[in-house]
Amino acid sequence: MATVFLDHPRPLAFAHRGGAAHAPENSWRAFEHAVRLGYRYLETDLQATADGVLVAFHDRTLDRVTDQQGRISRISHAELSSARIDGTEPIPRLEDLLGAWPDVRFNLDVKDAAAIAPLPEALRRTNAWDRVCVVSFSATRLRATRRALGRPGLLMEYLARTGVRCVQVPISVATPSFIGRAQALGLQVHVWTINERPIMERLLDLGVDGIMTDETVALRDVLTARSQWHPR
C-alpha cells in the first residue's frame, strides 16, 4: 500500500537542506547525516540543468556555495558535475537521493521554472509520487508544477480526494491564533527554519505539527527529551 506523505507520528522533524548546520547545505554528507540520526523527512530545493537533470540546490547560480560560477539552467549536467559545494561536496541529483532511501520522504521546493517539466518523469522513474511534498514560494511556479503533475496516480488521487493538508510557514506567521485556526480546518502547521532550542520548545508547546531545522541534532534531542522523537 502506498505511503501517504504526512502519515507519520507528529510532530514531524524536517532536516532543512539536509541539516545545513552539520555539513554543507544540500550535500550528500548533510542528507546522510540526517538519515543516520533517524530523520524520515528531508527538505531540499530543486534546480534543473540545461539538459533537464534535476539537482538538489538552493540558488539559481553556483556562485555562493560552490567553487564554480554560472546559472544552473544554462549549463549541462556534465559541466555541473565538476562543481563542489563548499569546495568538497558534489551536487546531488534528485533521482539519486530518492533512490538512496526508499523509506525517506522529501519536501521539494521548486526554485526555478526550469525544474518543473522534468519533475513528473523523475518521480515516475523513482516511483516516489507518494513520498514527496512539492512546494514553492512562487504561486506561479506552484500552479505550473501542479499542472505538470496532473496525471493519474496515487498522489494525485490522494490530493484530489483530500485537498491541501498542511501549511509551511515562517515563525512570524506561526502565532497561537494562526496555529489554532489552521488546525481547526484540518491543516498541519509546519514552521521553518527553527535553529534555537528555546524556540523549538515554544513552538512544540503551542502544538505545531512539524519543525524544519538546520540544527538536526538539537531538534532530535529536544524531541527525544519530550518523548516526541519518532525516527525512521
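Counting begins at 1 with the first residue of the sequence.
The side-chain heavy atoms of H230 and L12, taken from C-beta on, include no pair separated by under 4.5 Å. Between L46 and V55, the closest side-chain pair of non-hydrogen atoms is not below 4.5 Å. When side chains are defined from C-beta on, R232 counts as touching V104, because their heavy atoms get closer than 4.5 Å. Using a 4.5 Å heavy-atom threshold, the side chains of V191 and I179 count as separate. For the pair L98/R131, a side-chain contact is recorded, criterion being any heavy-atom separation below 4.5 Å from C-beta on. Using a 4.5 Å cut-off on side-chain heavy atoms (C-beta onward), R60 and I72 make no contact. Residues H58 and N26 are in side-chain contact: their nearest non-hydrogen atoms beyond the backbone lie under 4.5 Å apart.
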(request) Could you go through the salt bridge (charged side-chain N to carboxylate O under 4.0 Å, His left out) check for R197 and D221 one step at a time? (result) CA-CA 9 Å; R197 292 178 186 233; D221 291 349; 3.7 Å; yes

(request) Carefully, step by step, assess L219 and I211 under the rule side chain to side chain contact (heavy atoms under 4.5 Å, CB included). (result) CA-CA 8 Å; L219 180 57; I211 290 177; 4.0 Å; yes

(message) If you apply the rule side chain to side chain contact (heavy atoms under 4.5 Å, CB included), what do you find for D209 with H190, and how did you get there?
(response) CA-CA 6 Å; D209 301 286; H190 306 159; 4.1 Å; yes

(request) Would you sort out whether I91 and L62 count as a side chain to side chain contact (heavy atoms under 4.5 Å, CB included), showing the intermediate values? (result) CA-CA 10 Å; I91 299 172; L62 297 169; 3.7 Å; yes

(message) Please evaluate residues L108 and L94 with respect to the criterion side chain to side chain contact (heavy atoms under 4.5 Å, CB included), reporting the C-alpha separation (whole Å), side-chain torsions for both, the decisive distance (0.1 Å), and the verdict.
(response) CA-CA 10 Å; L108 304 176; L94 173 64; 3.8 Å; yes

(message) Could you walk me through whether E201 and R226 satisfy the salt bridge (charged side-chain N to carboxylate O under 4.0 Å, His left out) test, starting with their C-alpha distance in whole Å, then the side-chain angles of each, then the deciding distance to 0.1 Å, before giving a yes or no?
(response) CA-CA 9 Å; E201 294 274 11; R226 299 169 64 101; 2.6 Å; yes

(request) Report the C-alpha distance between R84 and D86 in whole Å, list the side-chain angles of each, state the deciding distance to 0.1 Å, and finish with yes or no for salt bridge (charged side-chain N to carboxylate O under 4.0 Å, His left out). (result) CA-CA 6 Å; R84 292 293 180 267; D86 213 29; over 6 Å; no

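A115 and L54 get closest at one heavy-atom pair: O-CD2, 3.5 Å. Closest heavy-atom contact between T44 and A56: OG1-CB, 3.3 Å. Between E89 and P24, the shortest heavy-atom distance links the atoms CG-CG, 3.9 Å. What you find for E43 and H16 is that their closest heavy atoms are OE1-CD2, 3.2 Å. The shortest non-hydrogen separation linking V189 to A182 is CG2-CB, 3.6 Å. Smallest separation of non-hydrogen atoms from F5 and N107: CZ-OD1, 4.0 Å.
Defined by atom type and a distance below 3.5 Å, a donor-acceptor pair is missing between the side-chain atoms of Q69 and T61. One side chain, R71 or S73, offers a donor N or O that lies under 3.5 Å from an acceptor on the other. Between the side chains of D51 and H77, no donor N or O sits under 3.5 Å from an acceptor N or O.
Take E121 and apply the salt bridge (Lys or Arg N to Asp or Glu O under 4.0 Å) test, not counting sequence neighbours, and it matches R124, R125. In this view, D59 and F57, R64 satisfy the side-chain contact (heavy atoms from CB on, under 4.5 Å) rule, not counting sequence neighbours.
Distance CD1/I199 to CD1/I194: 6.0 Å, rounded to 0.5 Å. Once rounded to the nearest 0.5 Å, the distance linking CZ of R10 with CG of D7 reads 9.5 Å. Note that the CG atom of L80 and the CZ atom of R93 stand 11.5 Å from one another [nearest 0.5 Å]. Atoms CZ and SG, from R165 and C133 in turn, are 11.0 Å apart once rounded to the nearest 0.5 Å. Rounding to the nearest 0.5 Å places OG1 of T88 at 5.5 Å from CZ of R29. For the atom pair CZ of R40 and CH2 of W101, the computed distance is 14.0 Å after rounding to the nearest 0.5 Å.
Among H22, E196, R220, the one residue that satisfies the side-chain contact (heavy atoms from CB on, under 4.5 Å) test with E215 is H22. Just one residue in the list F106, F14, W192 forms a ring pair (Phe, Tyr, Trp, His ring centres under 6.0 Å) with Y41, and that residue is F14.
The closest donor-acceptor contact from the side chain of D45 to the backbone of R17 lies at 3.5 Å or more, if one exists at all. Looking only at distances, no side-chain donor or acceptor of T213 sits under 3.5 Å from a matching main-chain atom of T216. Looking at T126, its side chain never comes within 3.5 Å of a backbone N or O of E95 through a donor-acceptor pair. At least one donor-acceptor pair closer than 3.5 Å links the side chain of Q183 to the backbone N or O of G207.
The aromatic ring centroids of W229 and Y39 lie less than 6.0 Å from each other.
Residues W28 and V53 fall into different hydrophobic clusters, defined by Ile, Leu, Val, Met, Phe, Trp and Tyr side chains chained together at heavy-atom separations under 4.5 Å.
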